[in-house]
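A short worksheet on the structure shown next.
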Amino acid sequence: MDPLGQKLRDIQERLRELGLERPRLVETKEEFGDLAVPLHREREPVSLARRLARELSIPGVRAEALGPYLNLRFEPRALEEMLKEGVGEMGEDFGRLPRKGLRVLLEHTSANPTGRLHVGRARNTLIGDSLRRILEFSGYDVYTEYYVNDLGRQVAILVWGLLNLESLGLGEPRNIDDYSEVYVKANACGPPEDEIRDIIRRYEEGEAGLKDFVRRHISKIMEELLAELEEYGIRFDGTFWESDLAWDGSARDALRRLERRGIVKYEGKAAYVEIGGEKIYLTRSDGSTLYVLKDVAYHLNKAGRCDLMVNVLGEDHKLEAKVLSELLRSLGAPEPRVVIYSFVSLPEGRLSTRAGRVVYLKDLVQEAIERASAEVEKRRISGPEAARAIGLGAVKFNYLKVQPQKPISFRWEDALNFEGKAAPYVQYAHARACSILEKAGSVPPWVTGSLVADEERSLMFQLLKFPSVVEKAAEILAPNLVAEYLLKVADRFNAFYQKHRVLQSEEPVRSARINLVNATRIVVKNGLYLLGIEAPEKM
RNA sequence: GGGCGCGUAGCUCAGCAUGGACAGAGCGACGGCCUCCUAAGCCGUAGGUCGCGGGUUCAAAUCCCGCCGCGCCCGCCA
């Protein structure tokens, strides 16, 4: 249900009929119209523009030639009818795309389970959870998974700390913060390399006592970590433990499959493949499996459970992702789509748990909610739930509005920004809309034909773009498109709100405007949902 | 040294994939707007060699090449 998208396709089709091979519709300035078709590449563009303007004849679209451009402007009535159709058919679900019958397995976060999430890793989580919502909304069946790297060096260091609590001067850890402390202190100690290697080897072999010990502790950390995320509205459908790939033999199977392709070579027991002249080791000289091999096994496993794999990874994993893809390709296995994001840094440098240069997500969220609370109390319109939605929303929005590949420099003042390009600005537009609708009592039947003001036209056009924004965001895996879009919707709504009265206007304008406000409310609410942000009705 | 990413207003960023009409926002600064549906809002002013240099094109922030700066990676770590 995308009336505007359909209309645009009609226009392109008509332009093809009129002789344009590849009609390009570009956005243009208000003064020129809604869309423009640049014709410079055609023969005699100026007279062509005039001819096209004469012959286009698409109902509801005014065509005008201006130099080598064919400018198109929708008549307000046409926009109003499309919006009425879209919202009428989809209701609260306006923007949602038809089910595709395709399963997406979305892996994100997958942080080493050694402590709390900090504001750097949070970027992975927030992008991941937003993608979950965007993909689901655009018609996929989404399953989210957290890959638990329990066979890695980081976990081994934590385990070493847990085995040496007394000498570290620590007691039995009771919560995730205690575990963080164990991890930091263990690191600071510089545990002997052979002991770490020994832990990894014995755990990978599934030595009974150690296996239970590690699983018990890491499970506790994971439980708390996931519980915190759940509080933020971030949900995983499951976890997948790296160690299982070693214990159930699937890492070995992956190696055998690669061997059958004849690309595996050996140095003693250390298996490797050559990619671009580089040796990529798959096993150690003691025969134990390396990360990339388990990653291959993991992706073969995932491929069997879905139609499309999506991974959210930090920029430090770029090369690994490339190698993984090459290996999967050589097996003729499906490759994942990967979203790479750049690091978040602090003004004083790179985040580092070990160096104590770290801001935890929990503290950021807490601070944001406190600030929102102060403001909410001053206004006396809404309550603590709104404060929570606003504070948490501001944090999420500030991450999601920037393209993943751009670096983020974390500053408290920016992260806690509540004005301008921020969640509260969008939420505020929603609250204003809700307020009008509440006073209106109900949404009357929509009789089209009376929304003719520029601000109304412009808002309607913007609202109608929502389905295509959802589609594009899902296609290129970019939550920032949704954030950008919502800011524009809020801009247009505010312009409308500033200039026109809804409740005090005469019928039939009044009823039509109430419907327009309702459509805005739905789009904003759904858009915020896609970013994992709640839309309070009062604030 | 090599690979990948980033470089647009004082700061944070849109625009770049599919090149088009005078480069857009927010924050900060300055000046206005609440007897009127929520002022977390609106309007206005100031602020730009789109990193630098070439090239392609009727047209380049956008495409190509070179250079500079920053980030990430280049482990029998994960």
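Quick note: numbers below take in every heavy atom, side chains included, and nothing from hydrogens, waters or symmetry partners. Just so you know, these numbers come straight off a predicted model, no measurement behind them. Order of the sequence lines fixes the chain letters, A, B, ..., with proteins taken first and strands second; residue numbering starts at 1 for each chain.
OP1 and OP2 of B/A40 both lie 4.0 Å or more from every side-chain N or O belonging to A/K378. An OP1 or OP2 oxygen of B/A39 is reached within less than 4.0 angstrom by a side-chain nitrogen or oxygen of A/R432. Put simply, A/K499 has no side-chain N or O that comes within less than 4.0 Å of OP1 or OP2 on B/C43. For A/R41 and B/U57, the shortest distance from a side-chain N or O to OP1 or OP2 is not below 4.0 Å. OP1 and OP2 of B/C37 both lie 4.0 Å or more from every side-chain N or O belonging to A/R513. For A/R284 and B/C77, the shortest distance from a side-chain N or O to OP1 or OP2 is below 4.0 Å. An OP1 or OP2 oxygen of B/G15 is reached within less than 4.0 angstrom by a side-chain nitrogen or oxygen of A/Q403. Look at A/N112 and you won't find any side-chain N or O under 4.0 angstrom from OP1 or OP2 of B/A78.
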Identify each atom pair where a protein N or O and an N or O of nucleotides 22-26 of chain B are less than 3.5 Å apart, giving names and distance.
unit_1, atom_1, unit_2, atom_2, d
B/C22, N4, A/K29, NZ, 3.3
B/C22, N4, A/E31, OE2, 2.6
B/A25, N3, A/K421, NZ, 3.2
B/G26, O2', A/K421, N, 3.2

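Consecutive Watson-Crick or G-U pairs involving RNA chain B, each under 3.5 Å on both distances, make up stems of three or more pairs at B:1-7 with B:68-74, B:10-13 with B:24-27, B:29-33 with B:41-45, B:51-55 with B:63-67.
Residue A/L324 contributes atom CG, which lies 14 Å from atom P of B/A78 at whole-angstrom precision. In this structure, A/K401 atom NZ and B/G15 atom P are separated by 13 Å, rounded to whole Å. Atom CD of A/Q405 and atom C1' of B/A14 are 12 Å apart (whole Å). Put simply, NZ on A/K322 is 10 Å from P on B/G3, counting in whole angstrom units. Atom CG in A/L481 sits about 13 Å away from atom C1' in B/C16, given to the nearest Å. Between the CD atom of A/E42 and the C1' atom of B/C58 there is a distance of 14 Å, given to the nearest Å. The CG-C1' distance, from A/L477 to B/A17, rounds to 14 Å in whole Å. Rounded to whole Å, atom P of B/C76 lies 9 Å from atom CD of A/E267.
At a cut-off of 3.5 Å, with distance as the only test, no side-chain donor of A/R201 or A/S288 sits close to an acceptor on the other residue. Side chain to side chain, A/E278 and A/Y272 fail the donor-acceptor criterion of an N or O pair below 3.5 Å. Neither side chain, A/E242 nor A/Y291, offers a donor N or O lying under 3.5 Å from an acceptor on the other. In this structure, a donor-acceptor pair under 3.5 Å is absent between the side chains of A/H500 and A/E456. A side-chain N or O of A/K302 and one of A/N311 form a donor-acceptor pair less than 3.5 Å apart. In summary, the side chains of A/T289 and A/E204 do present a donor paired with an acceptor at a separation below 3.5 Å, with no hydrogens or angles considered. Under the 3.5 Å distance criterion, with hydrogens and angles disregarded, no donor-acceptor pair is assigned to the side chains of A/D295 and A/Y147.
Between A/W241 and A/I218, some side-chain heavy-atom pair lies under the 4.5 Å cut-off. Taking 4.5 Å as the limit, every side-chain heavy atom of A/Y179 sits out of range of all side-chain heavy atoms of A/R116.
Among the protein residues, A/K318 comes within range of the nucleic acid bases, having at least one heavy atom under 4.0 Å from a base atom. Using a 4.0 Å heavy-atom distance criterion, A/A495 is classed as making no nucleic acid contact. Within 4.0 Å of A/Q427, counting heavy atoms only, lies no atom of the nucleic acid at all. Contacts of A/H430 with the nucleic acid, taken as non-hydrogen atoms under 4.0 Å apart, are absent. At a threshold of 4.0 angstrom between heavy atoms, the contacts of A/P407 are confined to the sugar-phosphate backbone, with no base atom among them. Residue-level contact check: A/K538 touches the bases, meaning some heavy atom is under 4.0 Å from a base atom. Residue A/L66 is in base contact, counting any heavy-atom pair closer than 4.0 Å across all strands shown. Heavy atoms of A/R411 sit under 4.0 angstrom from primed sugar atoms or phosphate atoms, though from no base atom. Residue A/R501 is classed as a base contact, given a heavy-atom separation below 4.0 Å to a base. Within 4.0 Å of A/S409, counting heavy atoms only, lies no atom of the nucleic acid at all. Within the nucleic acid shown, A/E455 has no heavy atom closer than 4.0 Å to any nucleic acid atom. Contacts of A/V426 with the nucleic acid, taken as non-hydrogen atoms under 4.0 Å apart, are absent. Nucleic acid contact class of A/K269 (heavy atoms, under 4.0 Å, all strands): none. Nucleic acid contact for A/I381: base, since at least one base atom lies under 4.0 Å from a heavy atom of the residue.
Between A/Y425 and A/L503, the one whose closest nucleotide on RNA chain B sits nearer the 5' end is A/L503. Taking the nucleotide of RNA chain B with the nearest heavy atom to each of A/E315 and A/Y291, the more 5' of the two is matched to A/E315.
Ion pairing between a basic and an acidic side chain is recognised when a charged N comes within 4.0 Å of a carboxylate O; A/R388 and A/E385 show no such pairing.
With both ends at atom C1', the span from B/A25 to B/A17 equals 22 Å, rounded to whole Å. Atom P of B/U18 sits at a distance of 9 Å from the matching atom of B/C64, rounded to the whole Å. A gap of 34 Å separates the P atoms of B/U62 and B/G41, to the nearest Å. Between B/G51 and B/G15, the two P atoms lie 15 Å apart (nearest whole Å).
For B/A78, the base has no donor-acceptor partner in the side chain of A/D316 [N/O atoms by modelled type, under 3.5 angstrom]. Checked by distance alone, A/S435 brings no side-chain donor or acceptor within 3.5 Å of a matching partner on the base of B/C37.
Not counting sequence neighbours, the partners of A/K525 by the side-chain hydrogen bond (donor to acceptor under 3.5 Å, both in side chains) test are A/E92.
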Full working for side chain to side chain donor-acceptor pair (under 3.5 Å) between A/Y183 and A/N112: CA-CA 11 Å; A/Y183 175 69; A/N112 282 316; 6.0 Å; no

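Closest approach of A/L282 and A/V264 over heavy atoms only: CD1-CG2, 4.3 Å.
Taking 90° from 0 as the syn/anti boundary, the base of B/C63 is oriented anti.
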